[in-house]
Trainee: 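Before I ask anything, let me first share the structure, which is written out below as structure tokens.
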Amino acid sequence: MSTATSGRAREYRVRDHLIGLGWEPIFRAAGSKGPADIGMASPLRGLLLIQVGSGGKTLGPADRERLHRAAWMCGAIPILATVHKGKITYREVTLDKPSQWPDWEPTIFKEKK
């Protein structure tokens with residue numbers, strides 16, 4: 001499996017997981033060299049700009065600044081989603097070192113009727 005094929009599979013896995021939780025897909029930047037691989041949104045939590053990677057992926061200072069700035073410009077939450085051994089982990093990207101990024105929970109809290 002090529003790098004592009006495995007990367008696309010991880011992006012689809014993250015997208016499908018979020019759709020299952022009620023998020024709506026906004027875009028997928030195929031072959032992305034931009035700050036985010038996918039964008040997802042919900043009416044209750046807003047827009048996510050998501051960089052997707054394998055288990056050990058982090059973002060260097062320039063890439064985290066670029067993702068954080070893009071998210072700030074469009075009022076989104078900058079997220080790094082990593083897929084490792086079938087498990088997806090979400091972390092909110094800040095300008096701090098990756099070891100200080102908080103875990104992020106994708107659950108959409110639905111209003112009670």
Side-chain angles (χ1 to χ4, degrees):
M1 182 182 298
S2 73
T3 303
T5 302
S6 61
R8 181 173 55 247
R10 280 190 299 273
E11 291 169 4
Y12 286 157
R13 186 172 177 92
V14 169
R15 180 202 64 189
D16 293 346
H17 179 246
L18 291 170
I19 288 171
L21 293 172
W23 292 87
E24 295 184 29
I26 302 300
F27 70 85
R28 176 179 169 265
S32 172
K33 300 296 181 199
D37 296 316
I38 57 178
M40 303 289 289
S42 92
L44 297 176
R45 301 218 30 210
L47 177 66
L48 304 177
L49 291 184
I50 307 168
Q51 183 66 237
V52 179
S54 58
K57 181 176 179 130
T58 63
L59 301 175
D63 288 334
R64 96 178 137 245
E65 167 65 30
R66 193 165 65 139
L67 176 59
H68 200 268
R69 179 173 167 71
W72 173 77
M73 287 191 296
C74 58
I77 302 168
I79 298 294
L80 174 64
T82 55
V83 180
H84 182 66
K85 295 184 180 181
K87 182 177 188 254
I88 303 171
T89 302
Y90 298 94
R91 297 181 70 206
E92 185 171 350
V93 176
T94 69
L95 297 177
D96 296 322
K97 293 179 182 178
S99 63
Q100 298 175 322
W101 295 349
D103 291 339
W104 185 83
E105 176 59 47
T107 304
I108 295 175
F109 301 102
K110 298 186 181 189
E111 295 179 40
K112 293 182 181 179
K113 292 185 179 184

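Since the structure is predicted, the reported quantities are computational estimates derived from the model, not experimental observations.
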Trainee: With rounding to the nearest 0.5 Å, note down the distance linking CG in Leu48 to CD in Glu24.
Mentor: 12.0 Å
Trainee: Short question: side chain of Asp37, backbone of Val52 - any donor-acceptor pair under 3.5 Å?
Mentor: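 Yes; judged by distance alone, with no hydrogens or angles, the pair exists.
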Trainee: What pairs of donor and acceptor atoms, side-chain ones from residues 59-70 against any protein atom, are under 3.5 angstrom apart with sequence neighbours left out?
Mentor:
{"unit_1": "Arg64", "atom_1": "NE", "unit_2": "Asp96", "atom_2": "O", "d": "3.4"}
{"unit_1": "Arg64", "atom_1": "NH1", "unit_2": "Leu59", "atom_2": "O", "d": "2.8"}
{"unit_1": "Arg66", "atom_1": "NH1", "unit_2": "Lys33", "atom_2": "O", "d": "2.9"}
{"unit_1": "Arg66", "atom_1": "NH2", "unit_2": "Lys33", "atom_2": "O", "d": "3.2"}
{"unit_1": "Arg66", "atom_1": "NH2", "unit_2": "Gly34", "atom_2": "O", "d": "3.4"}

Trainee: What distance do Gln100 atom CD and Lys97 atom NZ have between them, rounded to the nearest 0.5 Å?
Mentor: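 So the CD of Gln100 and the NZ of Lys97 are separated by 7.0 Å.
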Trainee: Considering only distance and modelled atom types, tabulate donor-acceptor pairs under 3.5 Å from the side chains of residues 71-91, sequence neighbours left out.
Mentor:
{"unit_1": "Tyr90", "atom_1": "OH", "unit_2": "His17", "atom_2": "ND1", "d": "2.7"}
{"unit_1": "Arg91", "atom_1": "NH1", "unit_2": "Pro98", "atom_2": "O", "d": "3.4"}
{"unit_1": "Arg91", "atom_1": "NH2", "unit_2": "Pro98", "atom_2": "O", "d": "2.4"}
{"unit_1": "Arg91", "atom_1": "NH2", "unit_2": "Trp101", "atom_2": "O", "d": "3.0"}

Trainee: Would you please name every residue forming a side chain to side chain contact (heavy atoms under 4.5 Å, CB included) with Ile19, sequence neighbours left out?
Mentor: Arg15, Asp16, Pro25, Met40
Trainee: Please answer: with hydrophobic residues joined when any side-chain heavy atoms are less than 4.5 Å apart, are Trp104 and Leu21 in the same cluster?
Mentor: yes
Trainee: Would Leu18 and Leu47 show up in the same hydrophobic cluster when neighbours are defined by side-chain heavy atoms closer than 4.5 Å?
Mentor: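 As far as the 4.5 Å side-chain criterion goes, Leu47 and Leu18 are not connected within one cluster.
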